[in-house]
A.B. asks: 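A single structure is presented below for examination.
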Amino acid sequence: MHAAVCPEYGPPEVVRVEERAAPTAGPGQVGVRVEAAAVNYPDVLLVAGTYQVKVAPPFVPGSEFAGVIDQIGFGVSDFAIGDRVSGTGMVGAFAQNVVVDPACLALVPGRIDARTAAAFGVAHRTAYHALRSTARLRSGERLVVLGAGGGVGLAAVQLGAALGADVTAVASSNEKLAAAARYGATQLVNHRECDVRAALRESAPGGADVVIDPVGGSLSEPALRSLGRGGRFVTVGFASGEIPRIPLNLVLIKGVHVLGFQFQDVPVDEFGRNETELHELLVAGRAAPHIGAVYRLDEVAAALHHVGDGRAIGKVLIDLR
């Protein structure tokens, strides 16, 4: 099989495509012929060796994929050869074949194509669980989404609108904001062309109810200031590469809640509810990823740069078919 291999930590250019023996599914494992893989920001950090968890080189990067099961290991009964599945894992997706624990897989609904399935999982699941179980977003509330052009941000815009919120999108270009508008944002803020604090005050004069922040950096404080009393600020990640320092006096004076999102913190009963609701939104066509760019496997370095340089609108994919 062909696989993208990171032989040493460094910029995306260190990743090269090699011919490797296809992995074999052992007991309790499932083999998948990968059709499409999504590029996520942590993939870039793993290649650089700067992610919070390190994987020793050489390794095959890629954490999100969709394809067809072609191997079933002993003891696996939940899946069958030929099943269409999507999956997630720390590494391994940028290859024609991958072997995973079946717990990492989900069946793909019949009408959903491989590209959509590969692009949907991580970003939409992150956004939905963060909105439903961490932010406790309610219909009619005012939602501010930072990084609204990226994978998680654009998913949060779309899902926030689906949940009945009035969505303000904050992004770095008019092109990204145009995409956010197509997915339900009613107010748009280009943070490179205006005073963000003033713009957010104008978009929600009475204060926002919820902020979803996958970016960090200099945008976090003005977004926190935009919250009304009792508002909820949810930090999802730091795509800007900068962890912000928040003045705690704002938390005290405004009575706001600063919350961190991680999947393991979602209560078990809510996790199942959220997954069911999100699946229903996907099948009904009310939620779908925006695929902004598609690359071949031999263009993996360019795909990683596209995401790492902050140019991605929605999701970036590698098509392995």
Side-chain angles (χ1 to χ4, degrees), residues 3-15 34 36-66 86-95 98 100-101 103-105 117-130 134 145-156 212-217 220 234-244 260-266 289-293 295 297 299-318:
V5 178
C6 175
E8 60 184 354
Y9 295 136
E13 288 79 13
V14 303
V15 180
V34 180
V39 183
N40 294 298
Y41 190 68
D43 300 328
V44 181
L45 300 181
L46 280 167
V47 168
T50 57
Y51 193 51
Q52 57 197 20
V53 177
K54 285 185 167 54
V55 176
F59 65 90
V60 176
S63 55
E64 186 175 20
F65 62 91
S86 61
T88 58
M90 181 67 71
V91 294
F94 298 165
V98 65
V100 296
D101 186 307
C104 300
L105 299 176
F120 188 77
V122 171
H124 276 74
R125 289 178 69 233
T126 297
Y128 199 72
H129 285 285
T134 307
V145 179
L146 305 182
V152 173
L154 199 51
I212 296 291
D213 180 11
V215 179
S220 298
V234 180
T235 178
V236 178
F238 309 105
S240 68
E242 179 186 347
I243 298 175
F261 168 77
Q262 294 192 75
F263 280 109
Q264 62 263 37
D265 294 331
V266 179
H290 177 87
I291 298 172
Y295 290 86
L297 183 60
E299 299 173 314
V300 62
L304 288 164
H305 263 303
H306 196 129
V307 173
D309 296 345
R311 294 183 287 115
I313 300 178
K315 297 290 286 190
V316 173
L317 293 187
I318 296 174

A.B. asks: Ala38 and Ala118: which non-hydrogen atoms are nearest, and at how many Å?
C.D. replies: CB-O, 3.5 Å
A.B. asks: Mind checking what makes ring-ring contact (aromatic ring centres under 6.0 Å, His included) contact with Tyr295, not counting sequence neighbours?
C.D. replies: His306
A.B. asks: Rounded at 0.5 Å granularity, tell me how far CZ in Phe59 sits from CD in Glu8.
C.D. replies: 11.0 Å
A.B. asks: Mark yes or no for whether Asp213, through its side chain, and Gly216, through its backbone, hold a donor-acceptor pair below 3.5 Å.
C.D. replies: yes
A.B. asks: Of all the heavy-atom pairs spanning Val47 and Pro11, show the shortest one and how long it is.
C.D. replies: CG1-O, 3.9 Å
A.B. asks: Quick one, Ser220 and Val215 - any side-chain contact, counting heavy atoms below 4.5 Å?
C.D. replies: no
A.B. asks: Decide yes or no on side-chain contact (heavy atoms from CB on, under 4.5 Å) for Val266 and Phe261, but give the supporting numbers first.
C.D. replies: CA-CA 8 Å; Val266 179; Phe261 168 77; 4.0 Å; yes
A.B. asks: Determine, step by step, whether Phe94 and Leu304 satisfy the side-chain contact (heavy atoms from CB on, under 4.5 Å) criterion, reporting the C-alpha distance in whole Å, the side-chain angles of both residues, the deciding distance to 0.1 Å, and the verdict.
C.D. replies: CA-CA 11 Å; Phe94 298 165; Leu304 288 164; 4.3 Å; yes
A.B. asks: Answer yes or no: is there a side-chain heavy-atom contact under 4.5 Å between Val91 and Val60?
C.D. replies: no
A.B. asks: Which residues satisfy the salt bridge (Lys or Arg N to Asp or Glu O under 4.0 Å) test with Arg311, sequence neighbours excluded?
C.D. replies: none
A.B. asks: What pair of heavy atoms forms the shortest contact from Ala117 to Ser86, and how long is it?
C.D. replies: O-CB, 3.9 Å
A.B. asks: Examine His124 together with Phe120 and report whether their ring centres are nearer than 6.0 Å.
C.D. replies: yes
A.B. asks: Considering non-hydrogen atoms only, spot the tightest contact between Pro214 and Val236 and give its length.
C.D. replies: CA-CB, 4.1 Å
A.B. asks: Contact between Val307 and Asp43 at the side-chain level, heavy atoms closer than 4.5 Å - yes or no?
C.D. replies: no
A.B. asks: Look at the side chain of Lys315 and the backbone N and O of Gly151, then say whether any donor-acceptor pair between them is shorter than 3.5 Å.
C.D. replies: no
A.B. asks: Taking side chain as C-beta onward, heavy atoms only, is Val14 less than 4.5 Å from Cys6?
C.D. replies: yes
A.B. asks: How long is the straight-line distance from OH of Tyr41 back to OG of Ser240, given to the nearest 0.5 Å?
C.D. replies: 7.5 Å
A.B. asks: Could you state the interatomic distance from OG1 (Thr88) to CZ (Phe65), rounded to the nearest 0.5 Å?
C.D. replies: 7.5 Å
A.B. asks: Looking only at heavy atoms, what is the nearest atom pair of Glu64 and Val122, with distance?
C.D. replies: OE2-N, 2.7 Å
A.B. asks: So which heavy atom on Thr134 is nearest to which on Gly260, and how close?
C.D. replies: CG2-O, 4.1 Å
A.B. asks: Any idea how Phe263 and His129 line up, ring-wise: parallel (<30°), tilted (30 to 60°), or perpendicular (>60°)?
C.D. replies: perpendicular
A.B. asks: Between Asp101 and Ala103 (side chain of the first, backbone of the second, donor and acceptor by atom type, cut-off under 3.5 Å), is there such a pair?
C.D. replies: yes
